[in-house]
Asks: 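One structure is given below, represented as structure tokens, and several questions about it will come after.
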Amino acid sequence: QSLKSRGLLQYNIHQKRWVWNEDIIRAEDITDNVLHLLSSKMDGLSDNVQTLLKMMACFGSCTSESVIGYLNESVEYAEVRNGLERALIDGFIVTNEEGSLQFVHDKVREAAYNLIPDSDKKQFHYHLGKVLYSFCDGKDVGDTIFLIASQINRGKDQILRDEELSIAFTKLNMKAGEKALDGCDHKTAYSYLGAALSLLPNDHWRNHYDLSLRLNFLMAGAAKSCCQYDEAVQILRGISGRTRCFEDKLPSYLLLSQILRTQGNVDDAYNTCSFVLLQLGETIPESVVPEASKTMVEDTLKMYEEVYDDDWLERKMEDKTLLTTLHLYSSIAFASFYCKSYSMVVYFICKSVQLSLRNGICEHTPLSFLQFTGVVTKDDNAVLCYRIAKNAMSLQERFGMATQIPELYFQFYGRIAWRFEPLQVCADNLRRGFETGLSTGDNDMGLLCAIHAIKTALFSGASLKSTLKEIDYYLHLLKTYKSEVTRNFLRVFRKTVSLLIDNGEATSTAADPCIGVGDLNDQNRKLRDAVLQHSVIRCYWSGHNERCRNFGEKCKHLFGQGRQSTSYIAQFFFGLNAVDLIKKRKQINKSKEVVQAAIVAMKYAAANSAWNFTNKLRLLEAEQVAHTKTNHDRASILYEASIKSAKRSGFVHEQGLACEKAAFYYQRGRNYQKAREYFQQARECYQVWGSSIKVAFIQKELDGLNPDALPVSAVTEAVHIKIGTNSL
């Protein structure tokens with residue numbers, strides 16, 4: 001009556017039925033009095049209708065007609081379809097857009113569920129599940145398996161009294177968990193696999209060994225995907241104590257090493273892999289000297305050139321022990337990257353590649369090849385390593401291992417492709433790696449992709465505000481996906497972005513304070529390297545030439561051939577900073593060496609990727625020529641070439657920097673009109689980039705530009721922004 005009086009329920013004479021707007025009614029509050037009225041009316045319905053309503057109420061708000069069909073085939077629910085027709089006519093349920101049956105309101109479902117006495121509810125659910133199970137056992141019923149298992153699980157107490165039922169319904173829940181895993185629904189999988197474990201009889205390891213082994217392993221994987229790392233470790237350690245042979249322990253050891261690495265326990269992860277490899281007859285050296293690792297790289301590259309052909313591509317590695325050994329070498333290489341020397345990392349990776357080259361390909365071959373190229377690539381072998389990496393990505397498509405995509409994308413786009421492919425392409429694919437990682441449960445690799453996506457986006461001149469927003473999104477996710485490694489790197493990146501936007505005045509946060517070099521020990525050398533190199537970048541953009549030089553000197557060892565993208569960027573700014581020091585007449589000879597080394601590095605890089613590095617090379621050359629004051633035309637050409645190259649590549653930040661440098665060059669030469677034009681272009685670029693401090697600095701230069709004034713001292717080229725030492 002209330003709905004009718006408000007026009008929400010009307011009788012249609014032509015249709016001869018009541019009509020309503022379902023969405024509006026669902027938004028309305030239905031009082032307890034109305035609920036009582038509904039319950040009273042339902043009490044007067046026929047048994048068929050009541051049974052139908054009670055049954056649907058147990059299933060939830062919606063029920064598929066196929067489920068009704070299964071139940072209608074049973075003796076107990078043979079008349080349920082007649083009840084369905086009456087319930088539709090009376091308006092208790094409707095057919096929604098997807099073709100499923102649903103209650104017109106949650107309160108109607110509540111009233112229907114209250115038709116079942118509280119003392120009978122568990123038994124009612126359990127009986128429904130058993131009837132459905134009897135008709136669906138052995139059939140592919142799709143998502144209906146979740147409904148069946150959830151109903152049956154209400155009768156846990158009865159199930160545990162019968163071992164035959166315990167095993168049958170354990171398998172049912174395990175099947176539901178596996179289906180959820182196939183759909184990347186890890187929380188649902190965790191729930192059903194947990195239910196399966198709870199239904200196992202006490203002697204399950206003795207009497208149902210294979211089932212127990214598989215179920216426990218699946219549960220550990222689901223727990224890992226749901227960030228229940230301690231639980232996953234406990235399950236895996238339990239497996240190792242129950243297995244009948246060493247071969248049955250191997251999958252658990254592999255998963256355990258991954259979880260330990262995710263938790264930041266890289267030494268434990270390394271020791272786990274080392275122990276298993278030794279059990280398999282492999283040799284694990286205490287240390288590897290650089291000369292030996294260099295020889296291994298040369299031998300591996302030579303072997304690749306000799307072996308990789310169509311015949312080798314047809315050879316399959318089928319020996320399970322070899323497959324596990326290869327997988328373990330890839331895993332120990334990853335762990336050693338954080339806790340062992342570079343030479344040890346190279347040793348393990350070369351062993352994995354050589355193993356595959358000798359014995360044929362398998363699903364782990366693409367990853368081992370990509371790990372190899374990611375670690376051993378240098379300026380003089382980059383083209384060959386890139387070819388190996390591309391071949392590895394082609395092999396991955398052949399195997400179609402979707403679960404490997406996060407690590408493959410991390411290795412390819414984060415560690416090798418940036419040398420050849422546009423940074424923007426690399427950043428986009430790393431984001432895909434992140435998304436795939438979280439959807440497939442490989443959170444660790446997904447978050448590593450996120451780190452490299454942010455780094456690559458920053459270096460490609462992406463909008464600073466968008467990049468900051470993306471960083472904060474990842475930091476928010478870390479409340480669920482625990483990873484201290486990811487958090488620390490994101491904190492470093494966030495400080496850089498915040499400083500570039502507004503010197504941290506409105507964009508800094510106390511929740512994630514910046515990490516300083518002094519906060520880190522030798523065990524955190526990768527993070528320490530990142531902090532040092534970002535300090536070079538921050539100091540340069542901030543105009544702190546001496547600090548930039550000091551930090552650059554501390555990370556010069558990273559400017560060698562085996563560098564990563566951050567090292568190239570840091571060396572680029574270290575070189576530009578050295579030009580500024582020369583202009584200030586400070587450490588001239590040493591600074592000249594720094595500039596020349598940076599130019600040589602950019603030449604190597606630009607030879608492989610003109611898109612990513614030509615603008616940097618031309619700007620360094622322009623600054624070098626401009627300082628000599630001997631070739632004005634050459635300097636002008638180089639500045640313009642740098643500007644055009646940066647614009648073509650979409651590096652708006654470096655386009656602005658080249659315009660700024662050109663403006664100061666023309667200002668020193670008293671060509672104030674040209675200087676003004678370039679300053680204006682620089683300001684526009686920095687506005688697009690989102691750097692308020694750079695826009696303000698350029699505007700100050702424009703306001704002070706006076707054709708009648710004396711030439712501005714070279715000292716004014718520094719960006720005068722007061723930044724405390726701790727913030728760098």
Side-chain angles (χ1 to χ4, degrees), residues 379 459 532-561 563 565-610 612-643 645-646 651 653-669 678 682 713-719:
D379 292 334
F459 295 159
L532 282 171
Q533 292 173 110
H534 273 262
S535 296
V536 172
I537 296 168
R538 293 176 201 148
C539 287
Y540 180 77
W541 281 109
S542 305
H544 290 284
N545 297 127
E546 284 298 328
R547 293 179 191 170
C548 182
R549 181 187 65 78
N550 289 334
F551 282 119
E553 290 293 333
K554 290 179 180 179
C555 61
K556 277 179 68 175
H557 65 285
L558 300 171
F559 299 159
Q561 279 204 357
R563 70 186 79 191
S565 57
T566 308
S567 300
Y568 274 98
I569 302 301
Q571 188 171 14
F572 166 61
F573 288 115
F574 188 44
L576 288 177
N577 186 75
V579 176
D580 291 343
L581 290 172
I582 293 171
K583 293 172 186 175
K584 294 180 178 181
R585 314 296 296 175
K586 293 183 177 181
Q587 299 186 340
I588 294 176
N589 290 333
K590 195 170 185 179
S591 295
K592 285 182 178 179
E593 294 175 3
V594 171
V595 175
Q596 190 57 39
I599 289 175
V600 171
M602 294 308 116
K603 281 183 178 178
Y604 267 114
N608 292 325
S609 178
N612 291 337
F613 294 102
T614 295
N615 72 295
K616 300 171 181 62
L617 172 62
R618 296 294 173 247
L619 184 55
L620 280 166
E621 291 175 334
E623 286 285 272
Q624 186 184 53
V625 171
H627 167 67
T628 62
K629 302 178 182 178
T630 58
N631 194 333
H632 171 72
D633 291 339
R634 175 67 175 159
S636 300
I637 291 171
L638 288 169
Y639 279 123
E640 193 59 31
S642 178
I643 293 168
S645 177
F651 301 158
H653 61 319
E654 291 172 357
Q655 181 187 347
L657 181 59
C659 289
E660 178 186 334
K661 290 294 184 182
F664 278 120
Y665 172 71
Y666 284 109
Q667 187 183 53
R668 288 195 301 273
Y678 279 111
S713 167
V715 177
T716 60
E717 287 192 44
V719 183

Asks: Check V600, V625, I599 against L620 for a side chain to side chain contact (heavy atoms under 4.5 Å, CB included) and give me the one that passes.
Replies: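 When side chain to side chain contact (heavy atoms under 4.5 Å, CB included) is applied between L620 and each of V600, V625, I599, only I599 qualifies.
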Asks: What I'd like to find out is whether the side chain of F572 reaches to under 4.5 Å of the side chain of L619, using heavy atoms alone.
Replies: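 Sidechains of L619 and F572: in contact.
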Asks: Within the 4.5 Å heavy-atom criterion, are S636 and Y666 side-chain neighbours or not?
Replies: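 Yes; the side chains approach each other to less than 4.5 Å.
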Asks: To check you understand the geometry: which heavy-atom pair defines the closest contact between I537 and A570, and what is its length?
Replies: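 Smallest interatomic distance, heavy atoms only, reads CG1-CA, 4.3 Å.
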Asks: Donor-acceptor pair, distance only, cut-off 3.5 Å: does the side chain of S542 make one with the backbone of R538?
Replies: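 At least one qualifying donor-acceptor pair exists.
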Asks: Can you give me the closest heavy-atom contact between N615 and A646, atom names plus distance?
Replies: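 Closest heavy-atom pair between N615 and A646: CB-N, 3.5 Å.
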Asks: Do the side chain of N550 and the main chain of E546 share a donor and acceptor less than 3.5 angstrom apart?
Replies: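 It does hold such a pair.
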Asks: Got Q624 and V579 here, is their nearest side-chain heavy-atom distance under 4.5 Å?
Replies: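 Q624 does not reach V579 side chain to side chain.
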Asks: How about L576 and L657: do any of their side-chain heavy atoms sit closer than 4.5 Å?
Replies: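 The answer is yes; the side chains approach within 4.5 Å.
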Asks: Between V595 and A578, which heavy-atom pair has the shortest distance, and what is it?
Replies: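 Nearest heavy atoms, V595 then A578: CG2-CB, 3.6 Å.
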Asks: Can you see which heavy atom on I643 is nearest to which on A658, and at what distance?
Replies: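 So the minimum-distance heavy-atom pair works out to CG1-CB, 3.5 Å.
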Asks: Would you give the length of the straight line joining atom OG of S591 to atom NZ of K583, rounded to the nearest 0.5 angstrom?
Replies: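 If we round to the nearest 0.5 Å, S591:OG and K583:NZ are 12.0 Å apart.
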Asks: Counting the benzene-type ring for Trp, do H632 and Y665 have ring centres under 6.0 Å apart?
Replies: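 Yes; Y665 has its ring centre under 6.0 Å from that of H632.
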Asks: With Y639, which of E623, E621, R634 fulfils side-chain hydrogen bond (donor to acceptor under 3.5 Å, both in side chains)?
Replies: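 The single option meeting the side-chain hydrogen bond (donor to acceptor under 3.5 Å, both in side chains) with Y639 is E623.
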Asks: Give the C-alpha distance, both sets of side-chain angles, the deciding distance and a yes or no for side chain to side chain contact (heavy atoms under 4.5 Å, CB included) between F613 and N608.
Replies: CA-CA 9 Å; F613 294 102; N608 292 325; over 6 Å; no
Asks: Check E640 against Y678 and note the closest heavy-atom contact, atom names and distance.
Replies: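 Closest heavy-atom pair between E640 and Y678: OE1-OH, 2.6 Å.
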Asks: Kindly say whether L558 contributes a backbone atom to a donor-acceptor pair with the side chain of S567 at under 3.5 angstrom?
Replies: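 Yes: the side chain of S567 pairs with the backbone of L558.
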Asks: Which atom names give the shortest non-hydrogen contact between A610 and S645, and what distance separates them?
Replies: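 Scanning both residues completely, I find the closest heavy atoms to be O-OG, 4.4 Å.
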Asks: Does a salt bridge link E593 with K590, judged by any charged N lying under 4.0 Å from a carboxylate O?
Replies: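 No salt bridge links E593 with K590.
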Asks: Between H653 (side chain only) and F459 (backbone N and O only), is there a donor and an acceptor less than 3.5 Å apart?
Replies: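 Confirmed, H653 side chain pairs with F459 backbone.
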Asks: Side-chain contact test, heavy atoms from C-beta onward, threshold under 4.5 Å: evaluate it for E553 versus F574 and give yes or no.
Replies: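 Sidechains of F574 and E553: in contact.
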Asks: Can you find a heavy atom in the side chain of I569 that is under 4.5 Å from one in the side chain of K616?
Replies: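 Yes - at least one pair of side-chain heavy atoms lies under 4.5 Å apart.
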Asks: How far does CZ of R549 sit from CG of N577, to the nearest 0.5 angstrom?
Replies: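 Reported value, rounded in 0.5 Å steps: 9.0 Å.
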